Every structure is written in structure tokens, then in C-alpha cells.
Amino acid sequence: MSESEERMTAAYKKARDAFRSGKTRDVEFRRYQLRRLLMLMEENEDEIAEALAKDMRKPRMEALLTEFLIVKNDIANALNHLSEWVTPECPEVSMLNKMDTVFSVSEPLGVALIIGAWNYPIQLTIMPLTGAIAAGNCAIIKPSEISAAAAQLIEKLIPQYLDQDCFSVINGGVEETQYLLNKCIFDKFFYTGGSAVGKLVMQAAAKNLTRVTLELGGKSPCYIDKDSDLEVAAKRLCWGKFANSGQTCVAPDYVLCHPEIQESLISQLKETLFDFYGETISVKVAFKAVVGKRREKIGLEPMTQQTAAPLRRLKGLLDNGKCVIGGDTDASQNYISPTVLTGVKPTDPIMENEVFGPILPILDVESLEDAIDFINDRDKPLALYIFSNDKSKIEKIMNSTSSGGFLANDTVVHVGVTTLPFGGVGGSGMGAYHGKYSFDAFSHKKACLVKKQNMESLNSLRYPPYEEKSYNW
Ligand code: NAD
């Protein structure tokens with residue numbers, strides 16, 4: 001066994017023993033760990049922001065909104081509602097069970113493996129961890145090796161704040177993740193990342209029938225209706241699309257709209273991008289790197305479509321349709337300007353996989369019905385967006401399509417609603433989390449029935465021999 005394998009096995013065994021000791025079942029213990037997790041986020045804001053800037057050139061304000069606020073709200077929400085979540089639920093029962101105590105309890109699954117992705121390295125590890133702790137599990141966290149500064153910081157901070165037997169961080173790449181997936185028997189895999197690795201996680205889960213949550217990506221469409229306020233639509237669309245350089249799982253991937261409104265839409269998009277990123281958006285300022293180069297630099301094979309030499313991959317996509325905004329690249333800065341393409345055909349290569357970068361293709365559709373058909377012909381998306389002032393159109397697209405989440409007249413912000421489940425369907429994932437859904441993702445609902453030993457005569461009918469018994473129901 002290599003040194004790193006020994007370290008992983010030791011962390012796993014420690015967590016397994018700690019779980020068996022029963023200490024995570026104590027609700028006060030969970031509460032204390034959650035309070036410590038919140039302190040971790042509060043006391044290390046500067047260091048975390050610096051790590052995110054180092055990994056992704058993430059501006060502090062963006063980090064505050066997308067990594068701090070959402071995570072802190074989620075932990076605070078768990079602390080506020082934990083008593084409610086752990087209370088057994090008593091369902092309605094029929095006459096048969098009126099004398100019994102019937103309830104379900106949420107019991108912890110055991111030891112969980114949380115595998116994070118690089119694009120929101122804090123949110124995608126700490127939010128699942130919040131659910132794991134709240135539900136009374138032990139956990140091993142495997143941050144993405146691509147966002148290395150954040151991964152190292154998580155490894156440094158978690159043992160300073162949380163119980164060291166129950167919670168460990170393992171840093172590493174494919175080899176380490178494969179070892180954890182295949183050589184240790186976990187009770188839960190919580191994976192965030194691309195679908196190719198998601199399938200490997202499912203394969204590993206099949207061996208021991210481990211429970212799985214898969215938070216994947218995909219192409220999230222955005223339909224813009226003719227009656228929309230295009231100024232508002234452009235602002236909200238650009239914010240969701242170009243934040244984190246377009247490297248957001250729920251970023252609008254492409255726009256579907258009628259050709260009649262495209263000229264006005266493009267002029268609004270141009271204005272918005274000038275406002276957001278500077279007078280001449282082709283100047284290489286204020287825009288962040290597309291992460292991924294590091295993987296090549298450290299000699300790792302590109303493993304997913306999204307991380308395979310991103311700049312080269314994205315540059316290749318600029319040949320699709322006609323570039324009407326941006327299109328500049330600078331390999332020395334690992335830079336690509338916010339770009340909009342029109343006249344993109346459904347069969348163009350850019351429509352094959354998630355763009356996962358700051359390029360927005362616009363495709364023509366004649367009507368809402370065409371947009372619905374277009375969406376239903378493809379994998380179920382993680383998010384579906386519509387901009388329209390017509391309630392009936394919003395309802396129509398919502399009820400005729402399937403997607404992980406649905407948002408009308410904005411982009412991305414549904415992710416921040418703690419009381420909504422966040423997750424995909426079909427190709428965009430399985431299972432959900434955030435708020436109570438995180439607690440459920442790491443719990444087993446145990447059905448419980450407690451009878452008394454009296455009134456045995458009531459059972460006489462169910463015991464054999466049956467020959468002499470009659471019924472009249
Ligand atoms: P990534 O490269 O960081 O990989 C994710 C994790 O998988 C990492 O921890 C990595 O170490 C591990 N991994 C990679 N290859 C592996 C292998 N062969 N075997 C075992 N483990 C392996 O992230 P990525 O895949 O580039 O992530 C981007 C994708 O994730 C996009 O499709 C994006 O939409 C999706 N995503 C989804 C969500 C969500 O919440 N649904 C959030 C963020 C990203």
C-alpha cells in the first residue's frame with residue numbers, strides 16, 4: 001500500500017469507527033459541528049477569497065455572492081431547522097394500526113464520500129457537508145484538484161474547526177478518487193462534476209449498492225419571448241451566463257428566440273457587456289481565466305470534455321455561426337472575451353456538449369412550441385429559463401418540458417433559494433440537495449412500528465391454520 005493509500009484508509013477507518021461510536025447521532029454534537037462550520041466560513045473570509053482569486057481570478061464580490069452567502073445561509077438554515085428535521089414523522093394510519101405507534105425516523109446513512117468540482121470549490125464541498133453533518137453522518141471530503149488553492153485551504157481548515165475523527169479531507173486527483181470509490185465501502189457518494197465521471201461513480205456504487213447523489217451539468221436552454229423586456233432579459237442573462245467565465249453548471253448554455261427580436265437583443269447584450277466588463281469588451285481586463293490549464297501544466301490527462309484544454313476547446317467553438325460580440329482570445333492570459341454567436345444551427349458542434357465558457361450561441365426558433373420541441377429532443381437540462389411577460393407561455397413551457405430546475409425571467413438565482421431542491425434529472429443528475437433536501441440526501445427514512453404485547457386475541461385471524469377461518473370483507 002502506498003503512503004497516500006495508507007492515509008486514505010486511515011481516514012476512512014477513523015470515520016467508520018467514529019460513526020460506530022454513535023457520537024454523530026447526538027443532535028447537540030451535530031449542532032456544534034454546524035456552528036463550527038459557520039465559524040470556519042466567517043473567520044476565514046479573506047483567505048478563502050484569496051484562494052478563489054488565485055484559482056479562478058474570481059472577484060471578491062462574486063465570491064461573496066456565490067460562495068459565501070449561499071453557503072452561510074444554508075448552514076444557518078440547517079441550524080434553525082435541525083430540531084424539526086430530526087423529529088419523527090407520524091403518518092395517518094388505518095383502523096388496523098390505531099393501537100400502535102407508527103412513525104418514520106431519519107437515520108444517518110453512515111460514512112459519506114463528498115467529491116467536489118472545481119468551479120465553485122467551497123460551495124460544492126461545504127454545502128453537501130452541511131447536509132452530511134445535519135443528518136448525523138461522518139464524511140470524507142475530496143475537493144477538486146483543479147482549484148488547488150481552495151483544495152489546500154479546505155484541507156487546512158476542516159481539521160481546525162471540525163471533529164477530526166468524523167471529518168477528513170483527502171486531496172488528490174483521479175488516482176485518489178478512484179481509490180476512495182473502489183477500495184473503501186462508503187454508505188453514500190455525493191458527486192459533483194461532469195457526467196463521464198458521474199458514470200464511474202455509479203459503477204463504483206453498484207458494487208456495494210452505495211447510495212448516490214449525482215450533481216451533473218448539461219446544456220441549460222434559455223427561451224426569450226418576443227414580448228420580453230429585452231433590456232432586463234439581457235442584464236439577467238449576461239449575469240448568469242458570464243459569471244465565473246461561463247463556468248457555472250446552471251449557466252444559460254444557449255438562447256432560443258425568434259429572428260425578429262435578435263437585432264434588438266444583440267444590441268442590449270452589447271450594452272450590458274460594456275457596462276459589466278468595460279468600454280471595449282475586447283480589452284483583456286476584468287474578465288477571469290478559464291480554469292483548466294493547470295491540469296495540463298501538472299501533466300494530468302484532460303479527463304472531461306469540460307476541462308480538456310478549455311481555451312483550445314472554446315476557441316474551436318468560435319467557428320460556429322457568426323460572431324457578433326467578442327470572440328477575442330489570448331492564450332498567454334488563458335483569456336477569452338464574452339462572446340455571442342448568432343445563426344447557430346442545431347447540428348453545429350457547439351450544440352453537442354455543455355459550452356462551459358463565456359460563449360453564448362443564439363439559435364432561431366419560430367415559436368414557443370418550436371422551442372419546446374427543440375428542448376424535448378435533447379437531454380433533460382439542469383436548468384430551463386424563459387423570459388416572457390405572458391404567464392400562459394411560462395406555464396406552457398414549464399409543463400411541457402422536464403428539467404432539474406425552472407426559472408422564469410431570471411437566471412441562476414433559483415439555486416440560492418434554500419427551501420427549493422437543487423439537482424438534475426436524467427442526464428443532468430439524480431437526487432437533490434440544499435436546505436432540508438441536503439438533510440434528506442444523507443438520511444435514510446426508517447419506517448417504525450411499535451406494538452404492545454397485549455390484545456393478542458386481535459391477531460388470531462392472521463395465524464394459520466387458515467382452513468377453519470372465514471372472512472367477510
Ligand atoms: P472536475 O474535473 O473538478 O471533477 C470533479 C471531481 O471528479 C473532482 O474531484 C475530480 O478529482 C474527480 N474526478 C475527475 N476525474 C475522475 C476519474 N476519472 N475518476 C474519479 N474521479 C475523478 O470537474 P468537471 O468534471 O470538469 O466539472 C465540470 C462539470 O461539472 C460541468 O459539467 C458542470 O456543469 C458540472 N457541475 C455541476 C454542478 C451541479 O451542482 N450540478 C456544479 C458544478 C459543476
Side-chain angles (χ1 to χ4, degrees), residues 55-56 66-67 70 113-128 131 140-148 150-151 154-155 169-183 189-205 213-220 243-253 290-296 298 300-310 313 353-357 379-383 403-405 412 414-416 421-434 437-438 441:
D55 281 333
M56 278 167 276
T66 60
E67 297 265 34
I70 183 170
L113 174 62
I114 296 168
I115 306 171
W118 55 267
N119 54 341
Y120 291 91
I122 302 298
Q123 189 197 127
L124 301 178
T125 47
I126 305 296
M127 277 174 75
I140 292 193
I141 303 120
K142 215 303 289 172
S144 174
E145 69 280 21
I146 310 277
S147 40
I154 293 169
E155 188 178 16
V169 179
I170 298 289
N171 268 329
V174 178
E175 231 173 83
E176 287 76 7
T177 321
Q178 283 291 344
Y179 183 86
L180 290 166
L181 284 169
N182 294 298
K183 300 288 181 210
F189 292 147
F190 190 105
Y191 167 79
T192 306
S195 58
V197 177
K199 288 176 188 166
L200 298 178
V201 173
M202 279 288 271
Q203 277 172 21
T213 297
L214 297 178
E215 293 289 337
L216 311 177
K219 292 182 85 61
S220 296
N244 210 29
S245 304
Q247 303 167 124
T248 302
C249 56
V250 283
D253 188 89
V290 177
V291 173
K293 218 166 181 192
R294 173 173 291 119
R295 195 194 284 266
E296 290 175 278
I298 59 175
L300 283 171
E301 282 295 305
M303 287 168 299
T304 64
Q305 178 265 331
Q306 285 80 13
T307 53
R313 177 180 68 79
N353 291 303
E354 188 177 351
V355 174
F356 218 58
D379 267 354
K380 294 178 181 179
L382 186 57
S403 55
V412 178
H414 61 301
V415 177
F422 177 70
V425 56
S428 54
M430 66 176 67
Y433 75 131
H434 290 191
Y437 298 94
S438 300

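We count ligands from 1, going down the list as the structure has it; atoms in each ligand are counted the same way. This one's a predicted model, so the numbers in the text were calculated from it and none came from an experiment. In what follows, residues are counted from 1 in the order of the sequence shown.
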Taking the side chain as every heavy atom from C-beta outward, state whether [X] and [Y] have any pair of such atoms under 4.5 Å apart.
X	Y	result
L216	Y191	yes
P381	S403	yes
I122	I154	yes

Over all atoms of both residues, closest heavy-atom pair of [X] and [Y]:
X	Y	result
F422	C249	CZ-SG, 4.1 Å
N171	A151	ND2-O, 3.0 Å
L214	M202	CD1-CG, 3.6 Å
N244	N119	ND2-O, 3.0 Å

Just by modelled atom types, is the [Y] backbone N or O under 3.5 Å from a matching donor or acceptor in the [X] side chain?
X	Y	result
S144	I146	yes
S438	G131	no
D55	A150	yes

Exercise. Do other residues, nucleotides or ligands put more than 12 heavy atoms under 6.0 Å from the CD atom of Q178?
Worked result: yes
For ligand 1, which atoms have a heavy atom of [X] less than 4.0 angstrom away?
X	result
T177	11 (O), 20 (C), 21 (N)
L124	42 (C), 43 (C)
L382	41 (N)
T192	5 (C), 37 (C), 38 (C), 39 (C), 40 (O), 42 (C), 43 (C)
Q178	17 (C), 19 (N), 20 (C)
E215	37 (C), 38 (C), 39 (C), 40 (O), 41 (N)
V174	15 (N), 16 (C), 17 (C), 18 (N), 19 (N)
I115	6 (C), 7 (O), 9 (O)

When you compare ligand 1 with [X], is there at least one nitrogen or oxygen pair between them that comes in under 3.5 angstrom?
X	value
E354	yes
T248	no
G193	yes
Y433	no

For this session: Could you tell me if any non-hydrogen atom of G116 lies under 4.0 Å from any atom of ligand 1?
Result: yes
At a non-hydrogen distance cut-off of under 4.0 Å, which region of [X] contacts ligand 1 (side chain, backbone, both, or neither)?
X	answer
Y120	neither
V250	neither
V197	side chain
L216	backbone
N119	side chain

For this session: From the options T192, T125, T248, select the one residue that forms a side chain to side chain donor-acceptor pair (under 3.5 Å) with Y120.
Result: T248
For this session: Return the option from G198, G173, G194 holding the heavy atom at the smallest distance from atom 25 (O) of ligand 1.
Result: G194
